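Please read the structure below before turning to the comments.
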Amino acid sequence: MPKPSLAELRPVVHPGGLKDRRSGEHWAGRLYMREISLRCTRLLLNSPLTPNQYTGLMILAGVAAGAALLLPGLAGAVLGALLIQLYLLLDCVDGELARWRKVTSTTGVYLDRVGHYLSEAALLVGFGIRAADVFHRDGAATEWGWAFLGTLAALGAILIKAETDLVDVARARSGLAAAEDSAATPRSAGMALARRAAAALKFHRLVGGVEASLVILAAGIADRVHGDLLFTRAAVVLLAAVALLQTVLHLVSILASSRLK
């Protein structure tokens with residue numbers, strides 16, 4: 001069957017407000033990926049794969065990005081960053097295909113969330129192992145303490161997402177409807193100001209898949225120039241610190257807001 005034009009496809013797969021969801025749409029999606037994914041979705045409209053199967057490919061790409069970081073040198077950092085871009089592309093395509101085919105489902109939403117948990121955790125664990133120098137690029141011994149820090153960063157990234165998702169779980173089990181966006185504002189004026197400041201700095205985004213991959217790539221380039229793993233190890237410390245700090249701050253923010261009321 002003939003494929004729709006981009007003009008016909010866009011209002012269906014990019015419904016009104018999709019790119020404007022500050023809490024739901026990634027900045028890379030708004031900036032460039034939704035335009036790329038729209039064209040890829042058009043090519044894949046008649047493919048035999050289901051949207052959930054594309055979600056499965058998304059998960060594979062995300063986990064592979066973490067595994068790619070085990071490759072020593074700049075090549076591993078570059079490959080990891082490219083695979084995260086593929087992960088982001090597939091994350092857009094699966095939902096767009098589901099909307100066009102009218103097969104959106106709770107299962108699809110669930111698999112998408114699982115994919116985000118797995119992929120971002122795999123990337124940070126892979127980064128920690130990279131810093132541990134398992135191939136002895138920077139010394140005669142593997143320093144597993146760096147792998148531990150990477151795992152802590154991964155745990156923090158998972159907990160941050162879990163804290164958000166568990167708001168919906170808690171409300172559903174209490175018989176409440178989903179919280180409105182306005183409920184996220186802390187009841188205390190001081191907390192609200194602190195939350196706005198944190199949102200403006202956006203440091204919490206560093207442990208997200210795209211942002212972390214860019215930090216990893218920058219560290220890999222700097223290490224290539226410097227000749228060791230100094231910048232990779234500094235970045236592992238940074239991401240672990242951000243993840244653990246944000247885990248605490250995000251929990252406090254939720255408890256201080258009206259999201260659980």
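Side chains are part of it too, since the values below use all heavy atoms of this structure and drop only hydrogens, waters and symmetry mates. This is a predicted model, so every value here is computed, not measured.
Here the closest non-hydrogen pair linking Gly80 and Leu69 is CA-CD2, 4.4 Å. Shown here for Ser213 and Leu123, the closest heavy-atom pair between the two residues is N-CD2, 3.9 Å. In terms of heavy atoms, Leu83 sits closest to Ala61 at CB-O, 3.8 Å. Contact record, Ala243 with Ala153: CB-O, 3.5 Å, taken as the closest heavy-atom pair. Closest approach of Val207 to Ala157, counting heavy atoms only: O-CB, 4.2 Å. The minimum heavy-atom distance linking Leu260 with Ala170 is given by the pair CD2-CB, 4.2 Å.
With hydrophobic clusters built from ILVMFWY side chains whose heavy atoms lie under 4.5 angstrom apart, Met33 shares a cluster with Leu9. Val237 and Leu239 fall within a single hydrophobic cluster, where Ile, Leu, Val, Met, Phe, Trp and Tyr are joined by side-chain heavy atoms under 4.5 Å apart, directly or via other members. In the hydrophobic clustering of this structure, Leu70 does not group with Phe127; members are Ile, Leu, Val, Met, Phe, Trp, Tyr whose side-chain heavy atoms approach within less than 4.5 Å, directly or through other members. Ile84 and Leu31 fall within the same hydrophobic cluster, where Ile, Leu, Val, Met, Phe, Trp and Tyr residues are linked whenever their side-chain heavy atoms come under 4.5 Å apart, directly or through other members. Cluster membership check: Leu124 does not share its hydrophobic cluster with Ile158, using side-chain heavy-atom separations under 4.5 Å among Ile, Leu, Val, Met, Phe, Trp and Tyr.
A side-chain N or O of Tyr54 and one of Ser47 form a donor-acceptor pair less than 3.5 Å apart.
We find the CG-CD1 distance between Leu249 and Ile254 to be 11.5 Å, quoted to the nearest 0.5 Å. Atom CZ of Arg99 is separated from atom OG1 of Thr41 by 8.5 Å, given to the nearest 0.5 angstrom. Rounded to the nearest 0.5 angstrom, Ile160 CD1 and Thr247 OG1 are separated by 4.0 Å. Here the CD1-CZ distance, from Ile129 to Phe135, works out to 10.0 Å after rounding to the nearest 0.5 Å. For the atom pair Met58 CE and Leu111 CG, the distance stands at 8.5 Å (nearest 0.5 Å). Note that the CD atom of Glu96 and the CG atom of Asp91 stand 10.0 Å from one another [nearest 0.5 Å].
Arg10 has a carboxylate O that lies under 4.0 Å from a charged side-chain N of Glu35, or vice versa, which qualifies the two as a salt bridge.
Put simply, the side chain of Arg39 reaches to within 4.5 Å of the side chain of Leu6, judged on heavy atoms. Between Trp100 and Leu97 there is no side-chain heavy-atom pair separated by less than 4.5 Å. For the pair Gln53 and Leu57, the minimum side-chain heavy-atom distance is 4.5 Å or more. Taking 4.5 Å as the limit, every side-chain heavy atom of Ile59 sits out of range of all side-chain heavy atoms of Tyr117.
Here salt bridge (Lys or Arg N to Asp or Glu O under 4.0 Å) pairs that include residues 155-166, with residues two or more places apart or in two chains, are Arg113-Asp165, Glu120-Lys161.
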| message | Pair Leu88, Val210 - check side-chain contact (heavy atoms from CB on, under 4.5 Å), show working. | response | CA-CA 8 Å; Leu88 181 60; Val210 174; 3.9 Å; yes

| task | Please assess His26 against Cys92 for the test side-chain contact (heavy atoms from CB on, under 4.5 Å), listing each intermediate value before the final yes or no. | result | CA-CA 10 Å; His26 194 275; Cys92 294; over 6 Å; no

| task | Go through the steps for Leu90 and Thr55 under the test side-chain contact (heavy atoms from CB on, under 4.5 Å), then give the verdict. | result | CA-CA 7 Å; Leu90 291 167; Thr55 303; over 6 Å; no

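In terms of modelled atom types and a separation under 3.5 Å, the side chain of Arg130 and the main chain of Leu71 share a donor-acceptor contact. Here the side chain of Ser258 pairs no donor or acceptor atom with the backbone of Lys261 at under 3.5 angstrom. Looking only at distances, a side-chain donor or acceptor of Arg171 sits under 3.5 Å from a matching main-chain atom of Arg259. With hydrogens and angles ignored, the 3.5 Å screen pairs a side-chain donor or acceptor of Arg233 with a backbone N or O of Ala131. With Arg42 contributing its side chain and Pro4 its backbone, the two residues share a donor-acceptor pair below 3.5 Å. Under a 3.5 Å cut-off, the side chain of Asp223 and the backbone N or O of Phe231 do form a donor-acceptor pair. Of the possible polar contacts, one joining the Thr151 side chain to the Ala147 backbone as a donor-acceptor pair under 3.5 Å is found.
Annotation for Leu74: hydrophobic cluster partners, listed by chain and number, are Val78, Leu82, Leu217, Ile221 (ILVMFWY side-chain heavy atoms under 4.5 Å, direct or chained).
Within a 6.0 Å radius of CZ in Phe148, no more than 12 heavy atoms belonging to other residues, nucleotides or ligands are found.
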